[in-house]
Amino acid sequence: MNFASDNVVGASAPVLEAILRHNGGAMPAYGADPLTLGLTPRFRALFEHADLSVFSVTTGTAANALALSVMVPPFGLCLCHEEAHVMEDECGAPEFYTHGAKLHGLSGSGGKIAPDTLDRFLSGLPRHVKQMPARALTLSQLTESGQVYAVEEIAALARIAHAHGLTVHMDGARFANALVALGCPPAEMTWRAGIDILSFGASKNGALAAEAIVVFRPDLAETLEFRRKRAGHILSKGRFLAAQLDAYLDGDHWRANATHANRMAARLAAGLAEIPGVRLAWPVQGNEVFPILPAGLDAALRRAGVVYHAWTSRSLAEGDRVGEGERMIRLIAAFSTTEAEVEDFLVLARRAA
């Protein structure tokens, strides 16, 4: 039983079949193939936006770092949550691709930045040549605590950011999981709410290695093609990236995958909540579960071979804490997680409690 991440599972069958289906014959290289050229109209239809641009890359780190490179100058600040993936898990890639811009983390329960927190920080930021000016805000959707920003929350944050001259980026590594949780169209959770650039994740939800930078403002897209090439992320056989994204979107496969993953996470959470001594750090809104367990239960699960990660309690709500003799962990359900795997885990947890 491996609940460490949705990165530990393979690709979905439709994605793999699409790669094989488009493997034969010759196609133009470096993104000039029909599949790659077809991504733009497909994403424009999906997001109901006639002027968006889409740039496929192989990793979420590349998507985030390249997106921020067109939003933040070397002397600028990029604001994010203090536990955001761009801050803690990308080895300085955003700073590297922005040529020295600085990430500044803001606190907030559940990995979310509150509008008041953002407004207070921006209003108090010194306007002096000695201080780095804030130029972008990046929001993680889902957050690092598995929480979903509601559309109204995104819009409120974007309004504040734009009023202070910032652009707004969304790290959508688990975009599909958040979208099905909210039950809204992609446009509502992105550009209509004020998002300027989206890192559209697919690898965690069924793709082999495919992400997309979706740019809703034409002026921000002007240099991305060159930046992507300079970063080594224009594949010579670009059709294989496009084939993955095409199959991922086809027939709402991406939503079906995310719906299943979210449902498995909800089942995990419901079962754990019934076990004495177990509590949930936050409500389960996507495909991530953050239980706080008795230390003995944690040890028993690990001895039984269950794989998962210990997790930080920094984003717990004020007044909440992990006590002596407790352990906070993260469990992630993937598109391929089965009901049997969930039930086996819960049976094991009940016996060990």
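Since the model is a prediction, treat every value here as computed from it, not as a measurement. Below, all heavy atoms of this structure are taken into account, side chains as well, without hydrogens, waters or symmetry copies.
Side chain of S145 to backbone of Q147: no donor-acceptor contact under 3.5 angstrom is found. D196 places a side-chain N or O within 3.5 Å of a backbone atom of V168 that can act as its donor or acceptor partner. Looking only at distances, no side-chain donor or acceptor of S313 sits under 3.5 Å from a matching main-chain atom of V322. Without hydrogens or angle criteria, R228 side chain to S56 main chain gives a donor-acceptor distance under 3.5 Å. Side-chain atoms of Q141 do not come within 3.5 Å of backbone N or O of V148 as any donor-acceptor pair. Judged purely by atom type and a 3.5 angstrom limit, R135 has no side-chain atom pairing as donor or acceptor with the backbone of T167. Remark: side-chain polar atoms of D171 are paired, donor with acceptor, to backbone N or O of A173 under 3.5 angstrom. At distances below 3.5 Å, not a single donor-acceptor pair connects side-chain atoms of Q131 with backbone N or O atoms of H128. A distance-only check finds no donor-acceptor pair linking the side chain of T36 to the backbone of A32 [under 3.5 Å].
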(message) Could you go through R314 and E88, starting from their C-alpha distance and side-chain angles, then the distance that decides it, and tell me whether this counts as salt bridge (charged side-chain N to carboxylate O under 4.0 Å, His left out)?
(response) CA-CA 13 Å; R314 277 188 293 160; E88 296 202 333; 2.5 Å; yes

(request) Show the numbers, then the answer: is there a ring pair (Phe, Tyr, Trp, His ring centres under 6.0 Å) between F175 and F200? (result) CA-CA 6 Å; F175 182 86; F200 179 86; 5.5 Å; yes

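Taking the charged nitrogens against the carboxylate oxygens, R174 and D6 do have a contact shorter than 4.0 Å, which makes a salt bridge. Between D298 and R303, no side-chain nitrogen of the basic residue sits less than 4.0 Å from a carboxylate oxygen of the acidic one, so the salt-bridge criterion is not met. Between D250 and R42 there is a salt bridge, since a side-chain N of the basic residue sits under 4.0 Å from a carboxylate O of the acidic one. Taking a cutoff of 4.0 Å between a charged side-chain nitrogen and a carboxylate oxygen, E83 and K112 do not qualify as a salt bridge. One finds no salt bridge joining E17 and R21 here, because no Lys/Arg side-chain nitrogen approaches an Asp/Glu carboxylate oxygen to under 4.0 Å. A salt bridge links R267 with E343; the closest basic N to acidic carboxylate O contact falls under 4.0 Å.
Ring centers of F55 and H233: at least 6.0 Å apart, outside the cut-off. Taking the centre of each ring, H49 and F216 come in below the 6.0 Å mark.
Looking at L249 and L46, their side chains come closer than 4.5 Å, going by heavy atoms from C-beta outward. Residues E288 and W282 form no side-chain contact, since every pair of their non-hydrogen atoms from C-beta on lies 4.5 Å or further apart. With a 4.5 Å cut-off on side-chain heavy atoms, L142 and N287 count as touching.
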